[in-house]
Participant: 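Attaching a single structure in structure tokens format; questions to follow.
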Amino acid sequence: MVKKRLANGEPCEKCAQTEEMLKRKGLWERIDEILWAVEGEDESPGARVAVRHGVKLAPFFVVRDEDGTETVVTSALRLVRQYLDSAPAVATPADAAPIDLAAAARDLEEASPLEILRFGLESYGERSAIAFSGAEDVVLVDMATSLGLPFSVFTLDTGRLHNETYQFIDDVRRHYGVEIETLLPNGAEVSDLMSRKGPNSFYQDGHWECCSIRKLRPLDGVLSRFDAWVTGKRREGRPANELPVVHADPSFRGESGSLARLNPLARWAHVDVFDYIRRHGVPTNPLHDRGFAKIGCAPCTRARTGSPDEADRWWWEERPAEPAAPDPGAGI
Ligand code: SF4
């Protein structure tokens, strides 16, 4: 394992989290050797291994086969799944006690995003899914990967995304070694809408018909297969009771009826998200550098110009029609 040591002598935060995760799962003994990549010291053993394998971020792992072949693994989750232990112990719905979400919300209100996420993944495992779309969501994927617990990720491909977003999804898939289930809208419904009204009818009669077909119905369908979902939604100054860190989702149903929703980043501000991204080398959508805050469909989102009151989605709608369902997530 190659870990990064900062100039102050401390290991990087993510390296420490990864070590803790491997110890918690009883897998630390399987790490034969630790090499340190020391900040600012290109000749440190870990830095030389990183250069040899073309890796830019620590921690990472070099797995040596019996014949001496070396494979570089940059995702701790992939290391656990493919090389160490493919069956982490997580309670299943059958053997788990019902979860009191209101009590959990009270207990976790002051907890860190990582602790909230750990609660969700330990409680629901792969029966919880991260809704992946934007900057907040890739932070959650990064944290979930560092925990080493099973989880699922899905994204909604509306068919109208920016090309940069498709590249971003691919970058995240490869960076973390995770499968991102991609949900498409019903082809017949899209065909019917476009045949009747053309491709951009939302500019004339509002976005809800198109959003219902391309986003909400696929979302409704995928969530019906899970018991919990994790979103990057933030409060942004609103009271805590408007967005608890954990709650029963009032809008969607899970496989067993109710659906838990976790909002680990509820208490974070926009700056916290990008501070985490910078410190942990998390992949980002290049559109953020061009002024996009939330990135959704290409025809319906635009870069911000700096005015605090400007709408960056559906700006042509003076008074948006009543939503078919609440806004599902940070960028979806
Ligand atoms: S955001 Fe725009 S293009 Fe995307 S689903 Fe909604 S109305 Fe359609």
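Indexing begins at 1, ligand by ligand and atom by atom, following the structure's order. Every heavy atom of this structure was used, including side-chain atoms; hydrogens, water molecules and symmetry mates were not.
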Participant: For S152 and E126, indicate whether the former's side chain and the latter's backbone hold a donor-acceptor pair under 3.5 Å.
Facilitator: yes

Participant: Output, by chain and residue number, all protein N/O/S atoms separated from atom 2 (Fe) of ligand 1 by less than 2.8 Å.
Facilitator: C300 SG

Participant: Tell me which part of R313 gets within contact of ligand 1: side chain, backbone, both or neither, using heavy atoms under 4.0 Å.
Facilitator: neither

Participant: Check this for me: does any side-chain nitrogen of one of D220 and R217 sit under 4.0 Å from a carboxylate oxygen of the other?
Facilitator: no

Participant: Answer whether the closest heavy-atom distance between the side chains of E136 and W268 falls below 4.5 Å.
Facilitator: no

Participant: What I'd like to find out is whether the side chain of V72 reaches to under 4.5 Å of the side chain of F61, using heavy atoms alone.
Facilitator: no

Participant: Out of curiosity, L259 CG to R127 CZ, how far, rounded to the nearest 0.5 Å?
Facilitator: 11.0 Å

Participant: Quick check for you: to the nearest 0.5 Å, what is the distance between S128 atom OG and L121 atom CG?
Facilitator: 4.5 Å

